[in-house]
Amino acid sequence: MVRDDIAQLIAEAIRRAQKKGELPAFGLPEVPVTRARDEAFGDYASPVCMTLARVARMAPIAIAERVVAHMPPAPFIGKVEAAHPGFINITLSPQWLTQQVEVILAEGERFGHLDLGKGRSVQVEYISANPTGPLTIGSGRNAVLGDALANVLAAAGWRVHREYYINDTGTQVELFAASLYARYAQALGCDEPLPEGGYPGNYLVEMGHQLAQEYGERFLTMERGQALTALREEGLKRMLASIQADAAALGIHFDSWKSERSLYEDGIYGLVFNRLSAGGWLVHRDGAVWFTETPHTSSGGDHQATEEQQTEALVRSMQDKDNVVVRSDGRPTYFASDIAYVWDKLVTRGFDWAIYVWGADHQGHVPRMKAVTRALGLDPNRITVILYQLVTLKRGGELVRMGKRTGEIITLREVVEEIGADATRFMLLTRAAESQMELDLTLAVQQSNENPVYYVQYGHARIASIFRYARERGFSPEGGDVSLLIHPAEQALIRQMVRLPETVALCAESLSPHHLTHYAQELATAFHAFYKECRVVSEDAGHAEIGRARMKLVQAAKIVLANTLRLIGVSAPESM
RNA sequence: AGGCCCGUAGCUCAGAAGGACAGAGCAUCGGAUUUCUAAUCCGACAGGCGCAGGUUCAAAUCCUGCCGGGCCUACCA
């Protein structure tokens with residue numbers, strides 16, 4: 001990537017200047033390179049000389065001048081200048097830029113791909129919403145974030161595995177089954193109340209009706225326990241199918257759907273439990289089994305009664321951090337499953353890295369997961385949790401309190417049907433995960449045609465249209481000479497195109513795919529400006545040569561736009 | 001009470017891990033096209049980055065305190 005190359009060149013220049021005695025000897029720091037703030041300063045800038053002023057005991061500008069004088073030549077560098085108060089400004093070579101068009105054409109779909117991951121494997125687990133109801137718009141942010149992140153990591157050279165974790169066991173699932181039973185029975189005219197804490201949502205009423213229609217009284221005639229199990233399985237199956245369809249509507253497809261229950265059936269839970277137990281990480285208290293972050297080794301028996309109050313406070317604070325793994329009634333908690341699951345990810349299946357995408361309401365769970373990973377003898381850095389702030393929903397300015405358990409649900413499907421998959425994805429992805437976002441559905445629907453996604457897609461469609469027009473008239477980019485592309489608008493467009501790789505790197509390294517949406521807009525802006533300024537296809541005499549070159553440019557721009565949109569997970573239409 | 005996140009133009013948000021005069025979209029106002037899609041382009045208006053200190057040659061970015069908002073602090077998931 002250009003940016004990294006520049007940093008290396010500057011470092012080399014500093015070493016050369018030192019060797020010549022023009023700069024004093026000092027340890028070389030990491031050289032920061034940023035995009036220049038203003039075009040007038042060139043493309044990239046480095047403030048490194050300002051940091052060096054102290055160790056070099058020289059004015060920053062003087063250092064910069066000497067560094068500039070020793071910059072090794074490189075094909076992509078057009079101009080290097082020292083600027084007050086001590087910046088090194090780098091302008092890309094116009095000719096090198098023009099050649100990038102050929103590079104992009106040659107790389108095609110692979111342009112923007114990197115090898116940061118070096119083929120290591122990463123599992124990205126996202127959505128994983130309880131299959132006790134349809135996906136909500138809240139899950140949508142999770143979905144979009146996780147999916148775009150997976151795309152970005154794949155482009156950055158990781159072997160990516162996408163997974164949905166199905167919570168198909170535990171209290172909530174039993175409640176779901178009981179709720180479904182009630183709705184089913186009600187559909188058949190029985191006076192069966194919804195269980196306490198059950199799911200009041202309308203979707204279960206509908207499912208109850210369907211089941212009543214399809215199966216008649218079959219589940220009523222069964223023994224109740226059996227009926228609950230049967231309905232649970234039937235309900236989960238249907239719920240998952242609906243979730244899968246909702247995800248697919250957003251263009252999301254998982255490599256695998258991992259069942260929580262399977263962690264128990266496959267013995268992973270037992271294995272992990274024994275391991276923790278042997279390590280002294282489990283304590284029994286109040287009839288339950290707790291995971292403790294301060295292990296009780298059998299040798300550590302010297303709990304002498306020191307300052308009593310202090311010890312008591314200490315023990316209490318440590319106990320506060322303990323978490324129940326097995327309830328006093330013998331049923332494991334979801335935390336127990338998660339412990340087995342992390343083992344399954346990192347050991348059984350051997351992913352190098354596991355990324356979880358969680359809503360901010362799960363933040364408290366992160367330290368536990370890190371601690372338990374360490375307790376299992378695994379490097380906690382092999383798991384990363386991405387927390388995103390929950391979406392605050394409004395409808396015409398009114399706050400909507402939402403939840404499957406409250407029954408008030410705005411489904412993802414509703415929103416996708418209303419404003420479309422592309423607009424939904426783009427909208428949910430433009431903001432950084434840690435930023436709270438407020439979504440007024442009324443406004444979102446009203447303004448969906450102002451969604452920036454269309455601006456970007458329009459760029460792609462416009463290029464497609466240029467080619468249709470060109471084809472009709474028998475023009476082709478064949479033999480175009482890209483070195484002619486020196487118009488400011490052409491150069492500006494190429495500059496943006498060339499930035500895709502470093503944008504991918506930025507997104508991958510910071511695990512923040514939202515930068516891509518901003519990049520996409522800047523790229524589209526450069527294209528639209530070019531389109532206005534520069535005619536591509538023309539029958540004018542004397543235009544043929546530049547026309548062919550511009551067709552190549554526009555073809556390359558189309559590739560970059562398409563690649564960017566693919567990473568975001570949005571379609572790149574041929575016409576709009 | 002404690003913990004995590006956020007507070008940047010009228011609105012919704014970026015701001016590349018401390019750097020050069022603070023950015024975009026929307027909204028408002030004013031311009032542009034006899035030619036490849038006007039879902040376009042150009043321009044204007046508009047904030048000094050919640051407040052107060054501190055660190056630094058340099059702070060929207062780091063530290064402290066305060067204010068405001070969201071979330072969390074279950075033998076729910």
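The chains referred to below are lettered A, B, ... by the order of the sequence lines, with proteins before strands, and numbering in each begins at 1.
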For A/F467, report the nucleic acid contact type (base, sugar-phosphate, nothing); a contact means any heavy atom under 4.0 Å. nothing
Using the C1' atoms only, state how far B/rC41 lies from B/rU33, rounded to an integer number of Å. 9 Å
Atom pairs under 3.5 Å, N or O on each side, protein against nucleotides 44-49 of chain B: can you list them with distances?
none

When you look for runs of 3 or more Watson-Crick or G-U pairs in a row, both distances below 3.5 Å, which of them include RNA chain B? B:1-7 with B:67-73, B:10-13 with B:23-26, B:28-32 with B:40-44, B:50-54 with B:62-66
Is atom CD of A/E450 surrounded by more than 12 heavy atoms (other residues, nucleotides or ligands) closer than 6.0 Å? yes
Establish, with yes or no, whether the OP1 or OP2 oxygen of B/rC41 is under 4.0 angstrom from a side-chain nitrogen or oxygen of A/R462. no
Using whole Å, what does the distance between atom C1' of nucleotide B/rC71 and atom CD of A/Q363 come to? 5 Å
Under 3.5 Å, N/O pairs linking protein and nucleotides 16-19 of chain B:
{"residue": "B/rA16", "atom": "N6", "partner": "A/R35", "partner atom": "NH1", "Å": "2.4"}
{"residue": "B/rA16", "atom": "N6", "partner": "A/R499", "partner atom": "NH2", "Å": "2.4"}
{"residue": "B/rA16", "atom": "N1", "partner": "A/R499", "partner atom": "NH2", "Å": "3.3"}
{"residue": "B/rA17", "atom": "OP2", "partner": "A/R3", "partner atom": "NH2", "Å": "2.8"}

Between A/Y455 and B/rA39, do the rings stack, that is, sit under 5.5 Å apart with planes less than 30° off each other? no
Residues forming a ring pair (Phe, Tyr, Trp, His ring centres under 6.0 Å) with A/H515, sequence neighbours excluded: none
Test item: A/Q521 side-chain N/O and A/V456 main-chain N/O as donor-acceptor pair under 3.5 Å: no
Using 30° and 60° as the class limits, which term best fits the ring planes of A/H514 and A/H518: parallel, tilted or perpendicular? perpendicular
Less than 4.0 angstrom from a charged side-chain N to a carboxylate O is my criterion; do A/R327 and A/D329 meet it? no
Could you tell me how the ring of A/Y356 sits relative to the ring of A/Y341: parallel (under 30°), tilted (30 to 60°) or perpendicular (over 60°)? perpendicular
Using the C1' atom on both, measure B/rU64 against B/rC21 and round to a whole Å. 30 Å
Partner set under ring pair (Phe, Tyr, Trp, His ring centres under 6.0 Å) for A/Y126, not counting sequence neighbours: A/F254
Using the P atom on both, measure B/rU61 against B/rG54 and round to a whole Å. 14 Å
Can you tell me if the side-chain N/O atoms of A/H543 get under 4.0 Å from OP1 or OP2 in B/rU35? no
Starting from P on B/rA14, measure out to CZ on A/F426 and report it in whole angstrom. 13 Å
Cationic N near anionic O, under 4.0 Å, A/E522 to A/R499: yes
The residue among A/L565, A/L567, A/L506 that forms side chain to side chain contact (heavy atoms under 4.5 Å, CB included) with A/L516 is A/L567
Using the 3.5 Å cut-off, write out each protein N or O paired with an N or O of nucleotides 24-32 of chain B and the distance between them.
none

Hey, which sits more toward the 5' end of RNA chain B by its nearest nucleotide, A/F335 or A/A461? A/A461
A/R535/A/D540 ion pair, N-O < 4.0 Å: no
Do the charged groups of A/D322 and A/R285 touch, with an N to O distance under 4.0 Å? yes
Where does the angle between the aromatic ring planes of A/Y164 and A/W257 fall among parallel (under 30°), tilted (30 to 60°) and perpendicular (over 60°)? parallel
Nearest-Å distance for atom pair NE2/C1', residues A/H528 and B/rG43: 19 Å
Give a yes or no answer on whether the side chain of A/R141 reaches the backbone of A/Q389 with a donor-acceptor pair at less than 3.5 Å. yes
Checking only heavy atoms, does the side chain of A/Y334 share a donor-acceptor pair with the base of B/rA77 at less than 3.5 Å? yes
Looking at A/Y469, is A/R473 sitting on its ring face, NZ or CZ under 6.0 Å from the six-membered ring centre and within 45 degrees of the normal? yes
Taking A/E502 first and then A/R35, would you say they form a salt bridge - that is, a charged N and a carboxylate O separated by under 4.0 Å? no
Would B/rG48 be called syn or anti, given that syn covers angles within 90° of 0? syn
RNA chain B nearest-nucleotide lookup for A/T171 and A/I466: closer to the 5′ end is A/I466
Looking at A/N89 and B/rA20, is any side-chain donor or acceptor paired with a base atom of the opposite kind under 3.5 Å? yes
Using only heavy-atom distances, decide whether a donor-acceptor pair under 3.5 angstrom links the side-chain of A/S328 to the base of B/rC75. yes
Would you measure the distance from the P atom in B/rU34 across to the matching atom in B/rA44 and give it in whole Å? 24 Å
